[in-house]
**Student:** 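Sharing a structure below in structure tokens format, with a few things to ask.
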Amino acid sequence: KGTFWSLAGTLLLKAVSFFYIVYIARAVSQGDIGLFYLSIAIIGLVGAWRDFGLPAALARYVPYYEGRKETGKVRSLLKSSYLVNAASGIALTALAWLGADFVGAVYQNPGLPEAMRLMAVFMLLENILKLNSGFLQGRAEIKSMQLVSNAQNILKLVATFALFELYGPSLFTLIAAFLISCVAAIAVSFPMVRRSLEGLPKESAELPWKELFAEIAPFGLMLSLLQLLSTLVSYSDRVLMGFLLPPSEVNQTVAIYSLAVTLALNLMVFPGAIGTIFMPLISRLVGKNEMDGVRRAMGTALRWVLFITIPIAAVMIAFSSEMLSVLYGSSYAPGALAMSIFLVGLLFSSLSMVTLLALAGMRLVKLEFKIAAITGISNILLCILLIPAYGMVGAALASAISFALSAALFGYYGKKIIGFEMPGE
């Protein structure tokens, strides 16, 4: 049931995203699209630690406490998370606004400061939105979580179309529509979170301060570091393009690469749908100490992932050039090779996803951090080595190698700790 709602919601999400990307690719200049994605990448990389890992902690600890019948701790954890994330979001929004000129000077990009200032408030908005989504995921309310995501996505498309029609396509209207959709999604998500809290059994025992600071706070900080390293893999390619490529080529190259990668990421629709419900399921099984059930759930999830992902990846790789040309226009066709290489990397990522989520459900965050550190650092080094010589193709190759390395490490530790073997072992 959870996979059905996750898959249905994700398919709708991707369908709307598809129209959104096609629309902005044909309406907005490549220079403005490049600035849009570059500003998101810089803000995402610099502020990756801003939520202190609390949304991910909610997704893991909420079902864990439910499994232990300690629902009072769920309410305490959510309240503390809101206070911390609101404060950090406000502080970092101000910092991004004040430091925009410095970032533009570092990148030698005169249009970047404006994009950074427009995008700065996204730090606060995303903090709150991720908390609400993390809580709903932890409660296994996948339908509600997907409703929030789709509300944001649909409103982003509608707001973009409306602002383009009223004021014309530009960097300002592109970012304004994006931020409006975030505000609307937050407004939609709060009533769902409130109803979910009311559905929990009434229980007076709250989360002790000792447990909050001795266990969950360090856990959240470790998750924050883990998130920072994961963000390195997600954004380092585009951020490093800004440094390593000639300034005159950066905006156009980032635009082509970003849209090619965005199209490739549609491959993760089906693995993501399975993974969304898999995390709270595993966390509950771990809370009950049912490791045989964990291994059975992993086997079922992995079979579904492989059966669905491999054929779709083969088709997308074979027709990457045609897809980019038809969807975005012939000016985006040069991203075909980068898209194909990135798709190969995503196959490795989907292969390791089940083991990653199982280890996450067991709250083995130090192990996740170790693997993320290795793959994040390798991704940066590979980008520095390959981007100057091969441009966007080098960036895609660096990501693909990092995905493969991550899959190998998760496969090794999944077998060692859980006793679960990947295909072919």
**Student:** State, to 0.1 Å, how close Leu245 and Gly391 come at their nearest heavy-atom pair, and which atoms those are.
**Tutor:** CD2-CA, 4.3 Å

**Student:** Out of Asn153, Leu265, Thr262, Val22, which one pairs with Ser17 under the side chain to side chain contact (heavy atoms under 4.5 Å, CB included) rule?
**Tutor:** Asn153

**Student:** Can you sort out the partners of Asn132 under side chain to side chain contact (heavy atoms under 4.5 Å, CB included), two or more places apart, ordered by chain and number?
**Tutor:** Tyr82, Ile128, Ser189, Phe190, Val193

**Student:** Phe342 vs Phe403 aromatic rings, parallel, tilted or perpendicular, using cut-offs 30° and 60°?
**Tutor:** perpendicular

**Student:** Does any non-hydrogen side-chain atom of Leu155 lie less than 4.5 Å from one of Ile180?
**Tutor:** no

**Student:** Is the shortest heavy-atom distance from the side chain of Ile380 to the side chain of Ile384 under 4.5 Å?
**Tutor:** yes

**Student:** Minimum heavy-atom separation for Ala115 to Leu35, with atom names?
**Tutor:** CB-O, 4.1 Å

**Student:** Just by modelled atom types, is the Phe36 backbone N or O under 3.5 Å from a matching donor or acceptor in the Ser39 side chain?
**Tutor:** yes

**Student:** What are the two closest heavy atoms between Ser378 and Thr375, and how far apart are they?
**Tutor:** OG-O, 2.8 Å

**Student:** Looking only at non-hydrogen atoms, find the nearest pair between Leu125 and Leu179 and report the distance.
**Tutor:** CD1-O, 4.0 Å

**Student:** Measuring only between side-chain heavy atoms, which start at C-beta, is Phe18 closer than 4.5 Å to Leu327?
**Tutor:** yes

**Student:** Between Asn127 (side chain only) and Asn85 (backbone N and O only), is there a donor and an acceptor less than 3.5 Å apart?
**Tutor:** yes

**Student:** Closer than 3.5 angstrom, by distance alone: can the side chain of Ser402 be matched with the main-chain N or O of Ala398 as a donor-acceptor pair?
**Tutor:** yes

**Student:** If you count the non-hydrogen atoms of other residues, nucleotides and ligands that lie under 6.0 Å from OH in Tyr23, is the total more than 12?
**Tutor:** yes

**Student:** In Å, rounded to the nearest 0.5 Å, how long is the span from CD1 of Ile43 to CZ of Phe122?
**Tutor:** 8.0 Å

**Student:** Kindly determine whether Ile42 and Leu38 satisfy side-chain contact (heavy atoms from CB on, under 4.5 Å), including the steps that lead there.
**Tutor:** CA-CA 6 Å; Ile42 293 171; Leu38 184 58; 4.0 Å; yes

**Student:** Tell me whether Arg238 contacts the main-chain N or O of Tyr37 through its side chain, where contact means a donor paired with an acceptor under 3.5 Å.
**Tutor:** no

**Student:** May I ask you to test the Phe164-Val28 pair for a side-chain heavy-atom distance under 4.5 Å?
**Tutor:** yes

**Student:** If we only count heavy atoms from C-beta on, is the Leu337 to Ile341 side-chain gap below 4.5 Å?
**Tutor:** yes

**Student:** Would Tyr167 and Phe172 count as a close aromatic pair, with their ring centres under 6.0 Å?
**Tutor:** no

**Student:** Enter the distance from Leu83:CG to Leu78:CG here, rounded to the nearest 0.5 Å.
**Tutor:** 10.0 Å

**Student:** Under 3.5 Å, side chain of Ser349 to main-chain N/O of Leu346, donor-acceptor pair present?
**Tutor:** no

**Student:** Output the distance between atom CD1 (Ile24) and atom CZ (Phe161), rounded to the nearest 0.5 Å.
**Tutor:** 15.0 Å

**Student:** If every non-hydrogen atom of Leu136 is compared with every non-hydrogen atom of Ser196, which pair is closest and at what distance?
**Tutor:** CD2-CB, 4.5 Å

**Student:** Distance-only criterion, 3.5 Å: show the donor-acceptor pairs between side-chain atoms of residues 94-113 and protein atoms not counting sequence neighbours.
**Tutor:**
from: Asp101; atom 1: OD1; to: Arg117; atom 2: NH1; distance (Å): 3.4
from: Asp101; atom 1: OD1; to: Arg117; atom 2: NH2; distance (Å): 3.3
from: Asp101; atom 1: OD2; to: Arg117; atom 2: NH2; distance (Å): 2.8
from: Tyr107; atom 1: OH; to: Val239; atom 2: O; distance (Å): 3.3
from: Asn109; atom 1: OD1; to: Gly111; atom 2: N; distance (Å): 3.2
from: Asn109; atom 1: ND2; to: Asn251; atom 2: OD1; distance (Å): 3.1

**Student:** Are side-chain heavy atoms of Leu129 and Val148 found at a separation under 4.5 Å?
**Tutor:** yes

**Student:** For the pair Ser80 (side chain) and Leu77 (backbone), establish whether a donor and an acceptor sit closer than 3.5 Å, ignoring hydrogens and angles.
**Tutor:** no

**Student:** Nearest 0.5 Å, please: how far is CE in Met339 from CD1 in Ile317?
**Tutor:** 8.5 Å

**Student:** Looking at every non-hydrogen atom in both residues, tell me the closest pair between Leu240 and Cys383 and how far apart they are.
**Tutor:** CD1-CB, 3.5 Å

**Student:** Run the side-chain contact (heavy atoms from CB on, under 4.5 Å) check on Ile33 and Tyr332 step by step: do they pass?
**Tutor:** CA-CA 12 Å; Ile33 290 178; Tyr332 287 91; 3.6 Å; yes

**Student:** Kindly indicate, with the supporting measurements, whether the criterion side-chain contact (heavy atoms from CB on, under 4.5 Å) is fulfilled by Leu259 and Leu324.
**Tutor:** CA-CA 8 Å; Leu259 265 63; Leu324 287 170; 5.6 Å; no

**Student:** So, does Thr253 use its side chain to make a donor-acceptor pair with the main chain of Val250 at under 3.5 Å?
**Tutor:** no

**Student:** Given 3.5 Å as the limit, does a donor-acceptor pair link the side chain of Ser181 with the main chain of Phe178, or not?
**Tutor:** yes

**Student:** Rounded at 0.5 Å granularity, tell me how far CD1 in Ile387 sits from CE in Met241.
**Tutor:** 5.0 Å

**Student:** Arg75 side chain to Leu197 main-chain N or O, any donor-acceptor pair under 3.5 Å?
**Tutor:** yes

**Student:** Under the criterion side-chain contact (heavy atoms from CB on, under 4.5 Å), I'd like the reasoning laid out for Leu267 against Leu343: C-alpha separation, chi angles, the key distance, then a yes or no.
**Tutor:** CA-CA 8 Å; Leu267 178 69; Leu343 280 164; 4.0 Å; yes

**Student:** Working to the nearest 0.5 angstrom, can you tell me the gap between Leu405 CG and Ile377 CD1?
**Tutor:** 11.0 Å

**Student:** Tell me whether Ser340 contacts the main-chain N or O of Ala336 through its side chain, where contact means a donor paired with an acceptor under 3.5 Å.
**Tutor:** yes

**Student:** Does atom OH of Tyr390 have more than 12 heavy-atom neighbours, drawn from other residues, nucleotides or ligands, at distances under 6.0 Å?
**Tutor:** no

